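Okay, so here's the structure we're looking at.
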Amino acid sequence: MEISSQYIASEIESKWYQHWMDNGYFHSEPDERSPFSIVIPPPNVTGVLHMGHMLNNTIQDILIRRARQKGLNACWVPGTDHASIATEAKVVKMLREEGVKKSDLTRDEFLNHAWGWKDKYGGIILEQLKKLGASCDWERTAFTMDDTRSEGVIKAFVDLYNKDVLYRGKRMVNWDPQAQTVLSNEEVLYKEVQGNLYHIKYMLEDGSDFLTIATTRPETLLGDSAVAIHPDDERFKHFHGKRVIVPIVNRSVPIIVDDYVDIEFGTGALKVTPAHDINDYDLGKKHNLEVIEIFNDDGSISEAGQFFVGEDRFKARKLVKAQLEEDELLVEVEPYRHNVGRSERTNAVVEPKLSLQWYVNMKMLVDPALEAVESDTVEFFPKNMKNTYRHWMVNIRDWCISRQLWWGQRVPAYYYKDDVFVSESPEGALTKAQQKYPDLKQEDLKQDEDVLDTWFSSWLWPISVFDGFNNSKDIEYYYPTSVLVTGWDIIFLWVARMIIAGYEWKGTFPFKQVYFTGMVRDQKRRKMSKSLGNSPDALALIEKFGADGVRFGMLSCSPAGGDLLFDEKLCEQGRNFTNKIWNALRLVQGWEVESNKTQPIENELAIDWFTSLSNSIIESLDKKFEEYRLSEALIDLYSYVWTDFCSWYLEMVKPPYGEAIDIYTKEKTVELFRCICTLLHPYMPFITEEVWSHLKNETISTDCILSQYPILDVVDPQIITETDIIKSIVSGVRDLRNKHQIKPKEKLTLFGIEDNITNELVQDPKKKAMLTKLSFLDEFEIVDSELENAVSFIAGKSKFFIQLKQEINIEEALAEKEKELKYQEGFIIGVQKKLANERFVQNAPEAVVANEKKKLADGLSRKKNLEQSIEELKSRL
RNA sequence: GAGUCAUUAGCUCAGUUGGUUUAGAGCGCUGCCUUGACAGGGCAGAGGUCACUGGUUCGAGUCCAGUAUGACUCACCA
């Protein structure tokens, strides 16, 4: 045999990817066809391919490849985002390892290093996507910080500022002391941890008594400016209007009363640190309290803290505790579970901090975006994500978009004294400024030091990748895009904001549909993550099972929105599937054609049956794709190819060993096989392209990737049902062979008790020939009653049997028949009950009633057949 | 605290406006099969009172209510 009996994916996959690239199949330009466009959710430029990416991008590739085969102008735009915090952290770390401190560099010098890093490592993930088979239009690769995208970001900022949607304000923010930047609420992840509740004595100013407060963060007492109690708390009534001394710093602060305090919690008394807690900040504002900022930007104690200056906050906590013990003010340390927020990017514990930042007034923008989803103008799959979306949109908060970093688009705001001038360029800002201060020079204006949040770039992505802020030809053609494929975990961070931006700048939605993928989890249902180390190496998987195998594995078990419990076994199943297809090819290719051989009649039936079946598969695939039931569609294809094509069809038409095949069957089989390749190509592009290349002939000029998706032809349900009957008889014969140790290839005679089905079988030469071939019979005969020493089975409603040379175990056979009889009797009773119900017969649709009648008739026929068998067996006891 | 979703075979899941031979698939399991496309294989088989309790209906895995268990999201948490 020339070709290997095992399919080796690695040898074949790179060959075809190169071939597709060389032919420019992935590239799209606007033309007269209808567009089908997808923008990739841009992975972090720092990222490497993980399971989530594989799932997400496989799905996009499936949709794009299918659209391409359907004759649409398919365009899948790839790219990466600049991930300001993550990238800056990586670059800072790299520099530190080289002995360079960020603080020793100018902004420009630092950015040079960062771009250098990006050029060197930033394309890794895109290269990995190619291994997966992603048919992205690489000529369109975009980056959120390249010139076109940056221009859009700046334009959007200026536009919003001019519309009064932006403002700058001092607010309590989530501060990442490691990255030394602000984070938006969405970038903070809360996790319950075991901490302590410290009970601390605060002495009254006159020393006569004390209040005990409870806190999880004793170190913040350095910044306390009050103690709060509930106005109705009887225990503390005598403290109203008094003052206490804050331990360690010995500051006298008021006891305030406020019903914010929960009497039940802790000791009922609360220390108030307005600079370092969001609720305390509100209390402070309400009661006019002093705001003492005791932390530096890196989380160490500032001069204002007076004690432990320069110590890190966690070290300070220990030091404060020790001091309190020494001062005998620590009453108790109670173990306590509570939530602690950490930075999504650096994992540092987030510090609430007062800070001046830029905000987007989201309430001014949300209305059209909320309406679009409510009305299904933008459709969500699965639908219930609408609820989540609505909840967030209705309760939307302002979006903090400035970040204290260098890697990103610098805020285009220019300051002179207390004035701010916002413009796309420094010159523009100067012109504006000069209207107020005519003598102002460029160097008098100072640009904002901060950059914009990466999501402020990403939310423009569907517009900016098509250069949409310049009314390009591309945006006219490709926008709105067809579908967005992403994880539900970024519905707020990204999806919602893109819809908002779409309406704001393009007057319409950015994508017609959103398909939310599930989360990839491990066998223990844990989310796959780097820190847990439970994520398999994506490229190693591709190495092991082939990209097609991995794509199959990811997709075969991933309903929209549902979790996917990843198991390598699924990829193995995928690889085995490629092997099965490969061997089907070997079989078909190995058939010698004898051009003057006539076609066996059963092959005509086989071809008609499989053609009709193929059409019904095409129909159901279309429907499943419409509903984004991609996993189900794949399972259907799997059993269509493996069971229907390989196990049944090929066995039906296969010539006996050593014999040649007729030309008509061979050509038709090759044609059907090519159709399989086309249908399966979106899921498993490499094997199908390879097989297609072997099945090609002079009349076929295209590659599988561009092969036209088959158009639905008429389905003949009758031929499918009738073939199913033959198949069930064949299985029945095989079962009898199994049970009675008759060799699969020992010829035998099959008898059928006369009825309309068996008569049909014996009279229709095609059916009879097919049954004879598949069951390995030498004859099929009709009789009117069972013969001596026979074993039987029932298929459909009819009874079949074979005669045995050897004696059978009658008791065993009897037990089996009786069990089956019992089942049938139960079945009949159920149907009879239904039919006996007058209201059913009157109310149910005619077809349903008719079907019940047929069920009953078939059931009764089976029962009769079984009873006869039992009687016959008993007579032999 | 508010909300969303789930509960079907040993495991992972389908089951599409309530009716399609008293529930399907894959994996796993059991038995048999090896010169023949494929052991990364073939054939066959066993395995489920559809979480529980009520209700609506001629008819419920499917619709409604309640209960239990689990998962997730948002908010709060000194």
Side-chain angles (χ1 to χ4, degrees), chain A residues 1 3 5-7 197-198 213-217 220 228 261-262 265-273 277 279-280 336-339 382 384-385 387-388 391-392 395 488-489 491-492 519 523 525 545 549 556-557 559 561-565 567 569-570 572-573 575-591 623-624 627 629 631-632 635-636 638-639 646-647 650-651 654 656-658 731-732 734-739 741 743-744 796-797 823-824 826-831 833-834 837-845 847-849 851-852 854-856 858-859 862:
Chain A
M1 179 88 23
I3 20 183
S5 71
Q6 291 206 339
Y7 174 70
L197 203 50
Y198 297 83
I213 60 90
T215 180
T216 54
R217 299 197 59 194
T220 60
V261 181
D262 180 354
F265 190 90
T267 59
L270 166 69
K271 69 189 229 20
V272 184
T273 324
D277 181 282
N279 298 300
D280 290 9
Y336 179 64
R337 289 194 73 82
H338 63 126
N339 280 330
N384 60 318
M385 293 309 294
N387 296 325
T388 312
H391 184 260
W392 192 74
N395 300 295
W488 48 257
D489 52 331
I491 182 170
F492 309 136
M519 287 286 121
Q523 291 284 290
R525 286 195 178 275
F545 299 110
S556 63
C557 187
D563 287 343
L564 158 57
L565 269 64
D567 188 341
K569 273 227 141 69
L570 296 169
E572 191 184 330
Q573 199 187 339
R575 183 203 56 187
N576 294 351
F577 188 30
T578 57
N579 196 51
K580 186 73 187 177
I581 297 166
W582 180 246
N583 278 288
L585 173 71
R586 287 177 66 222
L587 175 69
V588 173
Q589 287 296 91
W591 286 340
K623 211 170 147 205
K624 289 194 164 144
E627 296 164 12
R629 298 166 174 271
S631 179
E632 270 182 59
I635 300 294
D636 286 358
Y638 178 77
S639 82
C646 295
S647 299
L650 290 179
E651 292 300 328
K654 191 185 202 174
Y657 182 64
S731 293
R734 286 170 180 166
D735 190 24
L736 287 189
R737 286 180 188 273
N738 252 330
K739 279 179 182 146
Q741 282 90 44
K743 289 248 181 318
K797 63 168 186 178
Y823 176 91
Q824 292 301 338
F827 171 74
I828 288 164
I829 288 167
V831 183
K833 254 195 212 160
K834 252 189 196 177
N837 188 328
E838 272 174 45
R839 292 209 276 179
F840 169 71
V841 180
Q842 277 167 16
N843 296 335
V848 173
V849 178
N851 186 54
E852 291 300 315
K854 180 163 183 344
K855 273 161 74 175
L856 181 61
D858 289 355
R862 280 194 297 268

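This one's a predicted model, so the numbers in the text were calculated from it and none came from an experiment. Below, read A as the first sequence line, B as the second, and so on, with proteins coming before strands; counting in each chain starts at 1.
One finds a side-chain N or O of A:N576 lying less than 4.0 angstrom from the OP1 or OP2 phosphate oxygen of B:rG41. Not one side-chain nitrogen or oxygen of A:K580 sits closer than 4.0 Å to the OP1 or OP2 atom of B:rA37. For A:S731, a side-chain nitrogen or oxygen approaches OP1 or OP2 of B:rA44 to under 4.0 Å.
Listed by chain and number, the residues in a side chain to side chain contact (heavy atoms under 4.5 Å, CB included) with A:V261 are A:A228, A:H230, A:L270 (sequence neighbours excluded). Residues forming a side-chain hydrogen bond (donor to acceptor under 3.5 Å, both in side chains) with A:T578 (at least two apart in sequence, or on another chain): none. Under the rule for a salt bridge (Lys or Arg N to Asp or Glu O under 4.0 Å), A:D489 has no partner lying at least two apart in sequence or in another chain. For A:K854, the salt bridge (Lys or Arg N to Asp or Glu O under 4.0 Å) partners two or more places apart in sequence, or in a different chain, are A:D858. With sequence neighbours excluded, the residues that form a side chain to side chain contact (heavy atoms under 4.5 Å, CB included) with A:D567 are A:Q523, A:K569, A:L570. A search for salt bridge (Lys or Arg N to Asp or Glu O under 4.0 Å) contacts involving A:R839 returns nothing, not counting sequence neighbours. Under the rule for a ring-ring contact (aromatic ring centres under 6.0 Å, His included), the partners of A:Y638 that lie at least two apart in sequence or sit in another chain are A:F552, A:F577, A:W642.
Note on A:D262: a base of the nucleic acid sits closer than 4.0 angstrom, heavy atoms only. Residue contacts shown for A:V261 include a base, since a base heavy atom lies under 4.0 Å away. In this structure, A:H338 reaches neither bases nor backbone, as no heavy-atom distance under 4.0 Å exists between it and the strands shown. Among the protein residues, A:L197 comes within range of the sugar-phosphate backbone only, with heavy atoms under 4.0 Å from sugar or phosphate atoms but none that close to a base. As judged by a 4.0 angstrom heavy-atom cut-off over every strand, A:R575 is placed among the base-contacting residues. Counting any heavy atom pair closer than 4.0 Å across all strands shown, A:K739 reaches no nucleic acid atom. Within 4.0 Å (heavy atoms only), A:Y336 reaches sugar-phosphate atoms of the nucleic acid but no base atom. Counting any heavy atom pair closer than 4.0 Å across all strands shown, A:Q6 reaches a base atom. Among the heavy atoms of the strands lying under 4.0 Å from A:Y7 is at least one base atom, whether or not backbone atoms are also near. Residue contacts shown for A:S556 are absent, as no nucleic acid heavy atom lies under 4.0 Å away. Within the 4.0 angstrom heavy-atom criterion, no nucleotide atom of any strand lies near A:S639.
B:rC5 and B:rG15: their P atoms are spaced 15 Å apart (whole Å). Nucleotides B:rU62 and B:rG54 place their P atoms 14 Å apart, quoted to the nearest Å. To the nearest whole angstrom, the two C1' atoms, one in B:rC50 and one in B:rA60, are 11 Å apart. Atom P of B:rG45 sits at a distance of 29 Å from the matching atom of B:rU7, rounded to the whole Å. On the P atoms, B:rC76 is 23 Å away from B:rA71, given to the nearest whole Å.
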*Using Watson-Crick and G-U wobble pairs whose two distances are both under 3.5 Å, how do you write the pairing of RNA chain B as dot-bracket, with | for links to another strand?*
(((((((..((((.....[....)))).(((((.......))))).....(((((..]....))))))))))))....

_Across nucleotides 5-12 of chain B, 5' to 3', mark each nucleotide with B, S or - according to how protein heavy atoms within less than 4.0 Å reach it._
S------S

*asked:* Generate the contact string for nucleotides 19-29 of chain B. Rules: B means base contact, S means sugar-phosphate contact only, - means no protein heavy atom under 4.0 Å.
replied: BSBBS--SSS-

Show each protein N/O and nucleotides 30-34 of chain B N/O combination with a separation under 3.5 Å, one pair to a line.
unit_1	atom_1	unit_2	atom_2	d
B:rG31	N2	A:N738	ND2	3.3

Protein-nucleotides 49-51 of chain B N/O pairs under 3.5 Å:
none

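The nearest whole Å value for the distance from the CZ atom in A:F577 to the P atom in B:rG41 is 12 Å. Look at CE on A:M519: it is 21 Å from P on B:rU4, rounded to the nearest Å.
Checking B:rA37, B:rU73, B:rU16 against every side-chain atom of A:R629, the shortest atom distance belongs to B:rU16. Counting only heavy atoms from C-beta on, A:D735 has its side chain closest to B:rG45 among B:rA37, B:rC74, B:rG45. Comparing B:rC38, B:rG45, B:rC43 against the side chain of A:R734 picks out B:rC43 as the nearest.
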*Begin from the C-alpha positions of A:T388 and A:W488 and carry the test side chain to side chain contact (heavy atoms under 4.5 Å, CB included) through to its verdict.*
CA-CA 10 Å; A:T388 312; A:W488 48 257; over 6 Å; no

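Between the CG atom of A:N579 and the CZ atom of A:R575 there is a distance of 7.5 Å, given to the nearest 0.5 Å.
Ring-plane geometry between A:Y7 and A:W582 is classed as tilted, the angle between the planes lying from 30 to 60 degrees on a 0 to 90 degree scale.
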